Amino acid sequence: MTETHIFAAVLDEVRGAMRALFPELPDDVLARVLVEPPRDAAHGDMATNAAMVAAKPARQPPQKIAAALAEKLIAAPMVAEAAPAGPGFVNLRLHESWLRARLPGVLTAGPRYGEATIGAGRRVDVEYVSANPTGPMHVGHCRGAVVGDALANLLAKAGWDVTKEYYINDAGAQVQALGYATYWRYLQAIGTAMTEEDYAAAVPGGLQYRGEYLIPVGEALAAAHGGALATPEKTPIEPALWLDTVRDFAVARMMEAIREDLALLGVQHDVFVSEAGLVRDGKLAQAEARLDAAGLIYVGVLEPPKGKTPDDWEPRPQTLFRATQFGDEVDRALRKSDGSGTYFANDIANHLHKIERGFDALVHVWGADHGGYVRRMQAAVSALSNGRVPLDVVLTQIVHVLKGGEPVRMSKRAGTYITLRDLIEEVGRDAVRFTMLTRKSDAQMEFDLDRVIEQSRDNPVFYVQYAHARCRSVLRQAGDPEAAVLAGAPLDALTDVAEMALLRRILTFPRLIEAASEAREPHRVAFYLADLAGDFHALWNRGREDATLRFIREDEPEATRARLALVAATASVIRAGLAVMGVTPVEEMR
RNA sequence: GGACCCGUAGCUCAGCUGGAUAGAGCGCUGCCCUCCGAAGGCAGAGGUCGAAGGUUCGAAUCCUUUCGGGUCCGCCA
């Protein structure tokens, strides 16, 4: 799709020209040559750093190279002006006719516009959400779900073969606690006389997960097993007789609920991997054997953390992984001092599983509270794959929910935390998804329930949707011409500055997809769409001041067709961008 | 004590992975709707990019130090 990727097209010309001017220039120097939009539009459409990059190896001053390059580039078909500038830039102004001629390609590509080839069909595993199956999803999970899903879509758009994965933490103490909590609800369901406090006192680690959402789970257990999991007096029997059953039952129910919540958000994973399953299949043992064979495991005693030593600190020998060999601060425990595996060990097994499935790259979306965990996981992946498979971790920061400008206090104990379901019911799925992408993922975010449904200029959700609705409104009024028909329209009539600004923005979409996917930053798509919508609204407003700039003009059928092509392309790019974000475009605003 | 993230206009945030005179929205100031595309539009003011060094043709961006905010910190997941 290079015919619509204007930066790639011009870059080809620049590299060709440099090759002709300096045949001996090394490839790695040529690879550093870039063609970018200049900050200041007064400098033209694009600028290249080629002369500055080549100055040293070519042993010539950059300005001199820039002058020669400019002279050469003026011969390129799309170049209208080429001028050396500043420290050695070459500024390029492109023929507007050439830019207009890209428009049919945009229309023909439709939803596929912007697809890139940098993924080159390589396989990437994107793991996200991975909430513990111990309760309903809340806003904290929501951001990770949206960012992960959009990132996966973005990578697919950039040519990666993407697998969306959910890792179920169903093996640790948390799900054990879930088992005990569910068992309490079961006892209640069969009519126990015990009090909650008596029961809690007998539970190792205390009774967690006291939320009401486990009540129906306990009732379902009672329906399935009757009184068989308790004494005739409806008091607890040995945990060994029921814990596995109850825990597995509860986890299955929680996962069902989580899948429903994710479906509400429009998130669908391709693969669910069970931590307990990995352990059962011996993946943990395999991973450990592998690291051991590489001499990366030893039994040792870690230093206490520097500064404040915990009160109960005592040195204990543990099985450790030599994470320091891969850039981590300290070696990390694989086994606790009692010999049982750590969460880290299981996660290593998880990553071995991924590597064995042949992925070329791994991506995780984690909450920021796992930030300290990144380095060791990268160390492990590096060790297991001999450095072949990169692991990128995208951290998402906390979301503060506001209502009318006031923070909504969240407390698990009081049961006032906001579930994903609440959020979607309050503002709608599309607003949730879009808004979650209006910040860099590693910046804290305020989610103002009133703001995100506000219909105004400063709400990008509305602003972008409104632009699409306006586009569709115009097209409907014109009888909804086929994209193929509009692709054949003569475009010479598109000359107004606002029309050209919009066109130029449309043509930067492929470059945006490349950059955003490389940086693993889906939020850039949201900002791009806001800019695109801004250009479109600006053009619309010009039609208000100057009737000759309106899209549909009875007296000018040719100009009308050209403008409809531009409007159709705008709508198409908005749809393509929203598709990456997982947001549904609206046909009209009511 | 250490690690990671953040610090950009009065406010909320972008800044295309080192480029030219740092941007947007809100807010503020001043103009613009009898009607024809105003759920608004146009223009303007507003910045030592937290601070100090360093790297180089060139730094908001990279490195070091430092200040402020957040998150986390042996075997919890």
Side-chain angles (χ1 to χ4, degrees), chain A residues 7 34 36-40 42-43 47 49 52 55-56 61-63 85-89 91 130 132 134 169 171-175 177 205 275 301-310 312-320 328-330 332-347 367-375 395 397-398 438-446 448 451 454-460 462-463 466 470 473-474 508 511-512 514-516 518-519 521 523-524 526-528 530-531 534 537-538 540-545 547 549-552 589:
Chain A
F7 290 90
L34 298 174
E36 308 174 305
R39 278 237 176 109
D40 188 344
H43 292 132
N49 64 350
M52 288 179 286
K56 208 169 276 182
Q63 283 89 350
F89 286 102
N91 289 333
S130 300
N132 286 340
T134 52
N169 295 128
Q174 300 297 321
V175 288
E275 180 184 3
V301 179
L302 287 175
E303 295 290 311
K306 290 179 181 164
K308 193 176 61 179
T309 304
D312 58 346
W313 171 268
E314 49 181 294
R316 286 176 185 161
Q318 307 165 238
T319 303
L320 300 172
D328 202 355
E329 301 296 314
V330 294
R332 302 293 181 174
L334 290 178
R335 291 186 176 281
K336 306 174 194 175
S337 46
D338 67 3
S340 62
T342 60
Y343 176 81
F344 178 51
N346 283 354
D347 216 7
D369 54 342
H370 288 64
Y373 195 72
V374 172
R375 195 74 61 77
L395 298 178
Q397 268 289 356
I398 299 171
T438 54
R439 288 291 112 93
K440 265 185 306 200
S441 73
D442 55 7
Q444 290 188 23
M445 173 159 80
E446 295 193 335
D448 191 320
R451 179 67 61 83
E454 193 175 288
Q455 302 204 335
S456 73
R457 174 79 180 82
D458 63 325
N459 177 12
F462 165 76
Y463 199 60
Y466 189 29
R470 274 183 160 174
S473 163
V474 169
T508 62
R511 185 173 186 273
L512 170 97
E514 286 181 356
E518 287 286 271
E521 291 185 344
H523 76 277
R524 291 192 198 184
F527 283 93
Y528 169 82
D531 288 342
H537 290 306
W540 178 286
N541 288 326
R542 280 177 70 82
R544 232 168 33 202
E545 300 156 12
L549 284 173
R550 297 195 178 183
F551 299 119
I552 301 172
M589 305 293 277

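Because the structure is predicted, anything quoted here is derived from the model rather than measured.
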Visitor: If you measure from CG on A:Asn169 to CG on A:Asp347, what distance do you get to the nearest 0.5 Å?
Guide: 7.5 Å
Visitor: How close or far is atom C1' of B:G19 from atom CD of A:Gln63, stated in whole angstroms?
Guide: 14 Å
Visitor: In whole angstrom, give me the gap between the C1' atoms of B:U56 and B:A14.
Guide: 27 Å
Visitor: side-chain contact (heavy atoms from CB on, under 4.5 Å) with A:Val301: which residues, sequence neighbours excluded?
Guide: A:Pro315, A:Pro317
Visitor: Distance check, C1' atoms only: B:G68 and B:C31, in whole angstrom units.
Guide: 42 Å
Visitor: Paired with B:C36 by Watson-Crick or G-U wobble geometry, both distances under 3.5 Å: which nucleotide is it?
Guide: none
Visitor: Base, sugar-phosphate alone, or nothing: which one does A:Ala538 contact when heavy atoms must sit under 4.0 Å apart?
Guide: nothing
Visitor: How many Å lie between CZ on A:Arg542 and C1' on B:A38, as a whole number?
Guide: 17 Å
Visitor: Test your reading of the model: is there a side-chain donor-acceptor pair from A:Ser337 to the backbone of A:Arg316, 3.5 Å cut-off?
Guide: no
Visitor: Rounding to an integer number of angstrom, what distance separates B:C76 and B:U48 when you compare their P atoms?
Guide: 48 Å
Visitor: Starting at atom OH of A:Tyr463, determine the distance to atom C1' of B:G41, rounded to an integer number of angstrom.
Guide: 11 Å
Visitor: What distance, rounded to whole Å, do you find between the two P atoms, one in B:A60 and one in B:G23?
Guide: 13 Å
Visitor: Pick one for B:C33: is it syn, with its angle within 90° of 0, or anti?
Guide: syn
Visitor: Rounded to whole angstrom, note down the P distance from B:A45 over to B:G25.
Guide: 14 Å
Visitor: Under 4.0 Å, heavy atoms only, any strand: does A:Pro62 hit a base, just the sugar-phosphate, or nothing?
Guide: nothing
Visitor: Which of these nucleotides, B:U71, B:A20, B:C57, is closest to any side-chain atom of A:Met52?
Guide: B:C57
Visitor: Using a cut-off of strictly less than 4.0 Å, decide whether A:Arg544 has a side-chain nitrogen or oxygen near OP1 or OP2 of B:G40.
Guide: no
Visitor: Roughly how far apart, to the nearest Å, are B:U29 and B:U8 at atom P?
Guide: 25 Å
Visitor: Select from A:Ala47 and A:Leu549 the residue whose nearest nucleotide in RNA chain B is closer to the 5' end of that strand.
Guide: A:Ala47
Visitor: Can you tell me the pairing partner of B:G68 across any strand shown, Watson-Crick or G-U wobble, with both distances under 3.5 angstrom?
Guide: B:C6
Visitor: Between A:Asn346 and A:Glu275, is any side-chain donor less than 3.5 angstrom from a side-chain acceptor?
Guide: yes
Visitor: Can you tell me whether the side chain of A:Asn91 and the base of B:A20 have a donor-acceptor pair closer than 3.5 Å?
Guide: yes
Visitor: Between the protein and nucleotides 75-77 of chain B, list every N/O to N/O distance that falls short of 3.5 Å.
Guide:
from	atom 1	to	atom 2	distance (Å)
B:C75	O4'	A:Gln318	NE2	3.4
B:C75	O2	A:Ser337	N	2.4
B:C75	O2	A:Ser337	OG	3.0
B:C75	N3	A:Arg316	NH1	3.4
B:C75	N3	A:Ser337	OG	2.8
B:C75	N4	A:Arg316	NE	3.3
B:C75	N4	A:Arg316	NH1	2.3
B:A77	O2'	A:Asn132	OD1	3.2
B:A77	O2'	A:Asn132	ND2	3.2

Visitor: Considering residues at least two apart in sequence or located in another chain, which fulfil the side-chain contact (heavy atoms from CB on, under 4.5 Å) criterion with A:Glu518?
Guide: A:Ile118
Visitor: For B:G27, give its Watson-Crick or G-U wobble partner with both distances under 3.5 Å, or none.
Guide: none
Visitor: Closest-nucleotide mapping onto RNA chain B: is A:Asn541 or A:Asp442 further toward the 5' terminus? I mean the 5' end.
Guide: A:Asp442
Visitor: Rounded to the nearest 0.5 Å, how far apart are CE of A:Met52 and CG of A:Leu34?
Guide: 9.5 Å
Visitor: Could you tell me the Watson-Crick or G-U partner of B:A20, where both distances fall under 3.5 Å? Say none if there is no partner.
Guide: none
Visitor: As a test of reading the structure: which of B:C4, B:G19, B:U71 is closest to the side chain of A:Leu395, going by heavy atoms?
Guide: B:C4
Visitor: Who is the Watson-Crick or G-U wobble partner of B:A14, with both distances under 3.5 Å?
Guide: none
Visitor: Determine the interatomic distance between P on B:U65 and the same-named atom on B:C5; round to the nearest Å.
Guide: 14 Å
Visitor: Measuring only between side-chain heavy atoms, which start at C-beta, is A:Phe527 closer than 4.5 Å to A:Pro460?
Guide: no
Visitor: State, without any angle test, whether A:Arg470 and A:Tyr466 hold a side-chain donor-acceptor pair at a distance under 3.5 Å.
Guide: yes
Visitor: Rounded to whole Å, please give me the gap between CZ in A:Phe89 and P in B:G58.
Guide: 13 Å
Visitor: Who passes salt bridge (Lys or Arg N to Asp or Glu O under 4.0 Å) against A:Glu329, sequence neighbours left out?
Guide: A:Arg375
Visitor: Taking any heavy-atom pair under 4.0 Å as a contact, classify A:Phe551: base, sugar-phosphate, or nothing.
Guide: base
Visitor: B:C26 P sits how many Å from A:Phe462 CZ, rounded?
Guide: 13 Å
Visitor: With the criterion being N/O to N/O and under 3.5 Å, what pairs connect the protein with nucleotides 13-16 of chain B, and how long is each?
Guide:
from	atom 1	to	atom 2	distance (Å)
B:C13	O5'	A:Arg439	NH1	3.3
B:A14	OP1	A:Lys440	N	2.8
B:G15	OP1	A:His523	NE2	3.2
B:C16	O2	A:Arg511	NH1	2.6

Visitor: Please report, rounded to the nearest Å, how far the C1' atom of B:C11 is from the CZ atom of A:Arg451.
Guide: 10 Å
Visitor: Side-chain contact, heavy-atom cut-off 4.5 Å: A:Val474 with A:Ile552?
Guide: yes
Visitor: Write down the distance between CE (A:Met589) and P (B:G40), rounded to a whole number of angstrom.
Guide: 11 Å
Visitor: Partner of B:C62 by Watson-Crick or G-U wobble geometry, both contacts under 3.5 Å, or none?
Guide: B:G54
Visitor: So what does A:Ala368 touch, heavy atoms closer than 4.0 Å: a base, only the sugar-phosphate, or nothing?
Guide: sugar-phosphate
Visitor: Flag the pair A:Arg511 / A:Glu36 as yes when at least one side-chain heavy-atom distance between them is below 4.5 Å, and no otherwise.
Guide: yes
Visitor: Among all residues two or more places apart in sequence or in another chain, which pass the salt bridge (Lys or Arg N to Asp or Glu O under 4.0 Å) test with A:Asp531?
Guide: A:Arg505
Visitor: Name the nucleic acid region contacted by A:Tyr466, choosing base, sugar-phosphate or nothing; use a 4.0 angstrom heavy-atom cut-off, strictly under.
Guide: base
Visitor: Can you measure A:His537 atom NE2 to B:C42 atom P for me and round it to whole angstrom units?
Guide: 12 Å
Visitor: Cation-pi check, A:Arg332 to A:Phe344: give yes when NZ or CZ is under 6.0 Å from the six-membered ring centre and within 45° of the ring axis, no otherwise.
Guide: no
Visitor: Determine the interatomic distance between C1' on B:U66 and the same-named atom on B:A20; round to the nearest Å.
Guide: 31 Å
Visitor: Classify the nucleic acid contact of A:Ala55 as base, sugar-phosphate or nothing, counting any heavy atom under 4.0 Å across all strands shown.
Guide: nothing
